[in-house]
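First up is the structure itself, then whatever we jot down about it.
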Amino acid sequence: MIRNILIGLGLALAALVGLVVFNTVNYGGAPVGNRVSLPEPPEISAELGAQHLAEAIRFKTVTLASGDPRPGQEGEWLALHAWLEATYPAAHEAMTKELVPDTLTLLYTWPGSDPSLKPLLLMAHQDVVPVNIGTEGDWTGAPFDGEIIDGYIYGRGAIDDKGSLVGLMEAAEALAKSGFKPKRTLLFMFGHDEEVSGSGAEAGVALLKSRGVEPEFALDEGFMVLNPSPLTGKPMGFIGIAEKGYVTLDIVATGEGGHSSTPPRDSAAVRLARAVVALDENQMPSALDQPPASDMFKAAGKDMPFGQRMAFANLWLFKGAIEGQLADVPAGNAMIRTTTAPTMLAGSAKENVLAQRATATVNFRIHPSNTEDQIIEHVKTVTSGIDGISVELGKEGIRGKGASNVSPTDNRAYAVLASVSEAVLTGAPAAPGLVLGATDGRYAEAITPNVYRFQPSLLTPEELTGFHGTNERTSVENMGRLARGYAQIILAMDAPE
């Protein structure tokens, strides 16, 4: 009897081990989406592109708050527009340029010869964030001088996002000079205030919608090829197929006020502290097994160490362990769930007065698997056992309500972008990903279901720290990659399927 039980347990264990090994060996072999053969772009000079980016950086198109630039302060944007026209004459001759009404957002149209083909919408933004006062001396190259030092262009906007803007215009100029005549209409939209509100891109998309324009896809900033990727330790490209939303809630605790010399055991401040701790200890559920995360991990599977690959290949067995490890890494945690971030606390106005009302402002970055209503219900459920707690909506989502939709990976648009990504660095697989911040691309959902966030460039984790930070820079080689990549996207989408 016991012998039979032991034999049965042994067979069951062997079957379990066999299943785990089988799943591991077969995990992550095929790429997500299709791939296409890329056409050869016209000759493009990385050095000239770098020089042009350096010049563009010198225009101080800084936005600080919604509504910028204020009336009378448009000079830097208007100077940038004039510079674009002087620097890219062939592109301007091929395209029509207009300002989106009541904005400084640029909209270029390059008419295609086949009206049956949907246009492409290619996006970037003109504005940049400011440099923290007192940090100017920490830069290798001054933040608005556009210096080229040891093969890198330094300055605010080099990555975010004048590099993309200049790369798109370099591609358009090279294509126009080569005699290219698009079959598919090309639209270039350069928002003027992405860093503070994106009202320019929102108005631009509304203008296109009023004209009945329905692009085949929209492409904006977001991801690129990382070397190495923190996921595998090897080079890997990411195509943003969605971006997170944003909502802020106020957690309000009420209690008995009075003098601090005779405090109650359950004051408003104590109740609030319990609520904040409860939210931190009871995070929103993960979406580890849902796109984009599930597709991203699958695409990275073949480059993962065996143990890591085994865990992702057998989520039914290791899901809890993976979630626990990712939860300890801020970026990893943000990829798989709606994040909970208490950011502001308010209570009594004086140190010896008990607060009758204490408030915690909590910011949630919404994963595509969740809605604002689900977040509010989660917070109410987690704090329901604490007396005197209420939940109030502080601020709804910037750039629209909730997270973006998840764009498909089974169409030609994604296939072209993934192919261009893999051409940036041979051997670096491309995978879909979730953009954690907000981009102007979100507005394009009003006119197309296919919105992607990708720049055909190669960055290291160290270079990524330049986003909104000190020593923002990109390499001269990247300016060649950007221009060639954008040109290949245009040519590939113009080619017959």
Side-chain angles (χ1 to χ4, degrees), residues 63-68 129-135 193-199 243-258 260 263-264 266-284 327-331 333-335 337-367 370-403 435-439 442 467-469:
T63 51
L64 292 168
S66 181
D68 284 347
V129 298
V131 175
N132 289 331
I133 296 174
T135 66
D193 63 348
E194 189 271 350
E195 296 292 359
V196 290
S197 68
S199 65
E243 65 181 60
K244 281 193 155 185
Y246 178 114
V247 67
T248 297
L249 302 181
D250 288 332
I251 316 301
V252 180
T254 56
E256 186 178 344
S260 64
D266 195 28
S267 68
V270 170
R271 290 172 176 177
L272 182 65
R274 289 179 181 150
V276 171
V277 171
L279 288 173
D280 186 64
E281 293 179 346
N282 295 274
Q283 298 282 322
M284 293 288 292
D328 291 335
V329 181
N333 187 54
M335 278 286 181
R337 62 163 45 89
T338 294
T339 51
T340 304
T343 55
M344 300 170 68
L345 299 173
S348 171
K350 198 170 186 291
E351 75 273 10
N352 63 348
V353 176
L354 295 169
Q356 291 176 280
R357 176 186 170 95
T359 304
T361 297
V362 185
N363 180 245
F364 297 85
R365 296 303 176 105
I366 308 172
H367 192 277
N370 296 129
T371 65
E372 288 187 3
D373 288 341
Q374 288 174 330
I375 294 168
I376 294 171
E377 184 60 33
H378 168 79
V379 173
K380 288 180 176 179
T381 299
V382 169
T383 60
S384 61
I386 305 171
D387 291 337
I389 295 293
S390 62
V391 181
E392 301 175 2
L393 182 64
K395 181 179 179 182
E396 287 191 282
I398 56 174
R399 322 287 170 87
K401 187 174 182 179
V435 175
L436 304 182
T439 74
R442 175 173 307 206
F467 272 106
H468 293 201

| request: Under the side chain to side chain contact (heavy atoms under 4.5 Å, CB included) rule, collect the residues that match up with Thr340, sequence neighbours excluded. | output: Leu279, Gln283, Val362, Phe364
| request: List in chain and number order the residues that pass side chain to side chain donor-acceptor pair (under 3.5 Å) with Thr254, two or more places apart in sequence or in another chain; answer none if no residue qualifies. | output: none
| request: Could you tell me the separation between the CD1 atom of Ile251 and the OG1 atom of Thr359, rounded to the nearest 0.5 Å? | output: 9.5 Å
Which atom pairs, one a donor and one an acceptor, fall under 3.5 Å between side chains of residues 379-391 and the rest of the protein, sequence neighbours left out?
residue: Thr381; atom: OG1; partner: Glu377; partner atom: O; Å: 2.9
residue: Thr383; atom: OG1; partner: Val379; partner atom: O; Å: 2.8
residue: Ser384; atom: OG; partner: Thr381; partner atom: O; Å: 2.9

| query | Do other residues, nucleotides or ligands put more than 12 heavy atoms under 6.0 Å from the CD atom of Glu392? | reply | yes
| query | Shortest non-hydrogen contact from Ala355 to Ala268? | reply | O-CB, 3.5 Å
| Short question: side chain of Lys244, backbone of Arg337 - any donor-acceptor pair under 3.5 Å? | yes
| query | What residues, two or more places apart in sequence or in another chain, satisfy side chain to side chain donor-acceptor pair (under 3.5 Å) together with Thr338? | reply | Asn370
| remark: Between the OG1 atom in Thr248 and the CD1 atom in Ile375, the distance rounded to the nearest 0.5 Å is 10.0 Å
| Measuring from His468:NE2 to Asn132:CG, what's the distance to the nearest 0.5 Å? | 11.0 Å
| field | From His378 atom NE2 to Met284 atom CE, the distance as rounded to the nearest 0.5 Å | value | 5.5 Å
| Sequence neighbours excluded, which residues qualify as side chain to side chain donor-acceptor pair (under 3.5 Å) partners of Asn352? | Lys350
| side chain to side chain donor-acceptor pair (under 3.5 Å) with Asp250: which residues, sequence neighbours excluded? | Thr361
